[in-house]
Structure formats: structure tokens, C-alpha cells
Amino acid sequence: QVQLVESGGGLVQAGGSLRLSCVASGLTSTIYYMGWFRQAPGKERELVAAISWSAGNTVYANSVRGRFTISRDNAKNTLYLQMSTLKPEDTANYYCARAPFGSNWLRGREYDNWGQGTQVTVSS
């Protein structure tokens, strides 16, 4: 098991920036992919961005490509999401999650360890 703890959420005006962090502990050697997901009230959870832990390959949702950047610091077992040019529609609870080797990193159900989430609210 991997324990994940997110931080960095908050209230920001439209056009502003935030950086989310997710610290992993436990069996971190089993991490193959890490992802950021978000869920707004009344909406389904969606994949925002994902990264392969070793190679650093990335994938983004169309709605955030060019505005958000996912990165990781393997030495610190920490995942980041730099969010820029934030929009009110980015308002959601953001979660980090881990997927093991062999997973389809685009499928949320392949991620088997989740953090508790951090709220991001973007005011217009």
C-alpha cells in the first residue's frame, strides 16, 4: 500500500495560479503511474493529468492542457500539479492517486491508492 497526502489547495481568483503537492509514503517502489483527478459537486471524477513515475511521460485532459503541468520529484516521493490561468470551471476537489505496473493510466479505476483530496476554488 501507498499512503498519499495532498496539500496546496485553496481559494484563488480566475487567472491565478496554485501548486498542488502529493507526498507518497509506504511501498513507494510499487508506484508506476501517478495521477491527479478532480471531482466537482454533481459531476463525475475526471483524470486531470498523469505521469509515469520512472520515465516522466505525461498525459493531460484537453481542458487543462497548456495550463497545468504535472511533475514529480522521485527523491522526495512527491507529485506536483502546477495550475496556471485558473478558471471557475477548475473548481473541484483534487485527488492524487497511484496505479501499479501494467495499469492503463487513462482509466481511473486502475488507480488503487488515493489521497484524501484538497479543495481548489476559483472565483470569477
Does Arg65 qualify as a cation-pi partner of Tyr60, given the criterion of NZ or CZ under 6.0 Å from the six-membered ring centre and within 45 degrees of its axis?
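Here Arg65 fails the 6.0 Å and 45° test against Tyr60.
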
Mind checking the [atom1]-[atom2] spacing from [X] to [Y]? Nearest 0.5 Å is all I need.
X      : Y      : atom1 : atom2 : value
Gln13  : Ser124 : CD    : OG    : 9.5 Å
Gln82  : Ser17  : CD    : OG    : 6.0 Å
Trp105 : Glu110 : CH2   : CD    : 13.0 Å
Arg67  : Asp90  : CZ    : CG    : 4.0 Å
Ile51  : Tyr80  : CD1   : OH    : 11.5 Å
Arg72  : Thr58  : CZ    : OG1   : 10.0 Å

Heavy-atom side-chain contact between [X] and [Y] under 4.5 Å:
X      : Y      : answer
Thr30  : Pro100 : no
Thr91  : Gln119 : yes
Leu81  : Thr69  : no
Val120 : Met83  : yes
Arg98  : Asp112 : yes

In terms of hydrophobic clustering (I, L, V, M, F, W, Y; side-chain heavy atoms under 4.5 Å; direct or indirect links), are [X] and [Y] co-clustered?
X     : Y      : result
Ile70 : Tyr94  : yes
Val59 : Phe101 : yes
Phe68 : Leu18  : yes

Mind running side chain to side chain contact (heavy atoms under 4.5 Å, CB included) on Tyr32 and Ser54 for me, showing each step along the way?
CA-CA 7 Å; Tyr32 201 80; Ser54 179; 5.8 Å; no

Would you name the heavy atoms of Ser71 and Leu79 that are closest together and state the gap between them?
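Minimum heavy-atom separation between Ser71 and Leu79: O-CD1, 3.4 Å.
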
At their closest point, which heavy atom of Ala97 faces which heavy atom of Phe37, and how far apart are they?
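Taking Ala97 first and Phe37 second, the nearest heavy atoms are CB-CE1, 4.1 Å.
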
Checking Asn93 against Arg38 for the side chain to side chain contact (heavy atoms under 4.5 Å, CB included) test, could you report, in this order, the C-alpha distance in whole Å, the side-chain angles of both residues, the deciding distance, and whether it holds?
CA-CA 5 Å; Asn93 206 0; Arg38 66 186 181 187; over 6 Å; no

In this structure, are over 12 heavy atoms from other groups packed under 6.0 Å from Gln116 atom CD?
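Yes, the 6.0 Å shell around CD holds more than 12 heavy atoms from other groups.
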
Yes or no on side chain to side chain contact (heavy atoms under 4.5 Å, CB included) for Ile31 and Val2, after CA distance, side-chain angles and deciding distance?
CA-CA 8 Å; Ile31 295 173; Val2 176; 4.2 Å; yes

Is there a side chain to side chain contact (heavy atoms under 4.5 Å, CB included) between Leu47 and Leu106 once you walk through the steps?
CA-CA 7 Å; Leu47 174 66; Leu106 298 179; 4.1 Å; yes

So does Trp53 get a backbone contact from the side chain of Asn74, meaning a donor-acceptor N/O pair under 3.5 Å?
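Yes, because the side chain of Asn74 sits within donor-acceptor range (under 3.5 Å) of the backbone of Trp53.
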
Give a yes or no on whether the backbone of Gly9 and the side-chain of Thr118 come within a donor-acceptor separation of less than 3.5 Å.
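Such a contact is found between Thr118 side chain and Gly9 backbone.
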
Any side-chain donor near an acceptor of the partner, Gln3 and Asn113, under 3.5 Å
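Asn113 and Gln3 do not have a side-chain donor-acceptor pair below 3.5 Å.
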
Relative to each other, are the rings of Trp114 and Tyr95 parallel, tilted or perpendicular (30° and 60° limits)?
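Ring orientation, 0 to 90° scale: perpendicular.
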
Show the numbers, then the answer: is there a ring-ring contact (aromatic ring centres under 6.0 Å, His included) between Tyr111 and Tyr33?
CA-CA 8 Å; Tyr111 290 76; Tyr33 299 112; 7.5 Å; no

